Number of protein chains: 2
Amino acid sequence: MIDTHTAEPSALLREAGLRVTETRLAVIAALADAPHSGVDAVVTQVSNRLASTSRQAVHNVLNDLAAAGIARRIEPAGQPGLYELRVGDNHHHIVCQRCGKVADVDCVTGHAPCLTPSKTSGFDLAEAEVTFWGVCSDCRATEVAQPAGASAPV
Amino acid sequence: MIDTHTAEPSALLREAGLRVTETRLAVIAALADAPHSGVDAVVTQVSNRLASTSRQAVHNVLNDLAAAGIARRIEPAGQPGLYELRVGDNHHHIVCQRCGKVADVDCVTGHAPCLTPSKTSGFDLAEAEVTFWGVCSDCRATEVAQPAGASAPV
DNA sequence: GTCGTTCTTTTGACACAGTAAAAACAAGCG
DNA sequence: CGCTTGTTTTTACTGTGTCAAAAGAACGAC
């Protein structure tokens, strides 16, 4: 299998049976530059590289990449979907509860650590997904000045 | 603290400073009957108990209950939000990749098992959320007859 | 029990994210 | 070069959830 984040983008596409197009290369480049990007962010990035690209094309490409296993879609609760190129390496995410920023969290304990549920309720287990929630350093800094639950002085 | 799934619903509401209304009681009853219900399912359930209720009211109530800590909202990727009354007991969910059915998974290893990320990237960690993905027994049964990836014979 | 304040619910409009489908276009093979 | 098939564009639409103003109900005070 080709390594998603070191291989030539065009090779990745060909490998997956997808045609190599400007749009797709631009989307892959955008994700390489800024992982955990949403459709909006990707559209912006792509616009900088290409003359014109429709939002729908970006949607298509991201769906195709995800279906081909080149990209992965993550969907933290309460946010639009985000995409990243790191696939198949069993890493997880930590999401800022305030600003939505996402960072990668590598899995220390090896693969699927303690992630065998006690009772699968008859389910055929395929995978475990872990999402950490917290507050990023930027938001924590802001919060000191203006605590989250604080009401403005009257 | 009042135990969410044994206490009288009206007590729960009062405790949280919320008024006791037919709508709210009906929503709580619906969630008690069918955990992991979406807004649609709750609306249907509530309609059976009450003469008329607006979808918006159900949205309001569910938001209020979630804000008050009486209910919890979960949002598996690719699905509308679901609500359940079990809160504060650190359990997780297993979701069917085919039909979206959700089951509870109790946390064997105690609280927050091995869920301390290796590197928090400067985040202030608040909580860890685990979602298991798999195929439920019903879907597996169907799948034997019609495998998911199978193309129809030409 | 009745009154009045405040919280809930209703109603209707709107915002956002994503999907659907047909026509115009381009990649890659012969 | 030119054909075939996969991409992209364009436009419309669906689903999920929010916003806000007016009507209505819960609960405490009298």
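A, B, ... follow the sequence lines: proteins, then strands. Residue 1 opens every chain. Keep in mind it's a predicted model, so treat the numbers as computed, not measured. Values below: every heavy atom of this structure, side chains too, minus hydrogens, waters and symmetry copies.
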Using only side-chain N and O atoms of [X], determine if any of them is under 4.0 Å from OP1 or OP2 of [N].
X	N	answer
B:R73	D:dG17	yes
A:N63	C:dT19	yes
B:T21	C:dT9	yes
A:T23	D:dT8	yes

Send over the distance from [X] [atom1] to [N] [atom2], rounded to a whole Å.
X	N	atom1	atom2	result
A:L50	D:dT8	CG	P	10 Å
A:H59	C:dC16	NE2	P	14 Å
A:R19	C:dA26	CZ	C1'	8 Å
B:Q79	D:dT16	CD	P	10 Å
A:L13	C:dA27	CG	P	13 Å
B:D64	D:dC19	CG	P	13 Å

Nearest to side-chain heavy atoms of [X], which nucleotide of [options]:
X	options	value
A:V20	C:dG28, C:dT8, D:dG17	C:dG28
B:A57	C:dT9, D:dT18, D:dT9	C:dT9
B:R14	C:dT9, D:dT7, D:dC27	D:dC27

Practice prompt. Would you mind checking if B:D106 and B:R86 are paired as a salt bridge, meaning a charged N to carboxylate O distance below 4.0 Å?
Written response: yes
Worksheet, complete the sentence: The single option from A:R19, A:H59, A:R24 that satisfies side-chain hydrogen bond (donor to acceptor under 3.5 Å, both in side chains) with A:D64 is A:R24
Worksheet item: For the hydrophobic clusters of this structure (ILVMFWY residues joined by side-chain heavy atoms under 4.5 Å, transitively), does one cluster hold both A:V61 and A:I74?
Response: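 Result: no, two separate clusters.
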Worksheet item: Any N or O donor-acceptor pair linking the side chain of A:Q56 to the base of C:dA21 at under 3.5 Å?
Response: no
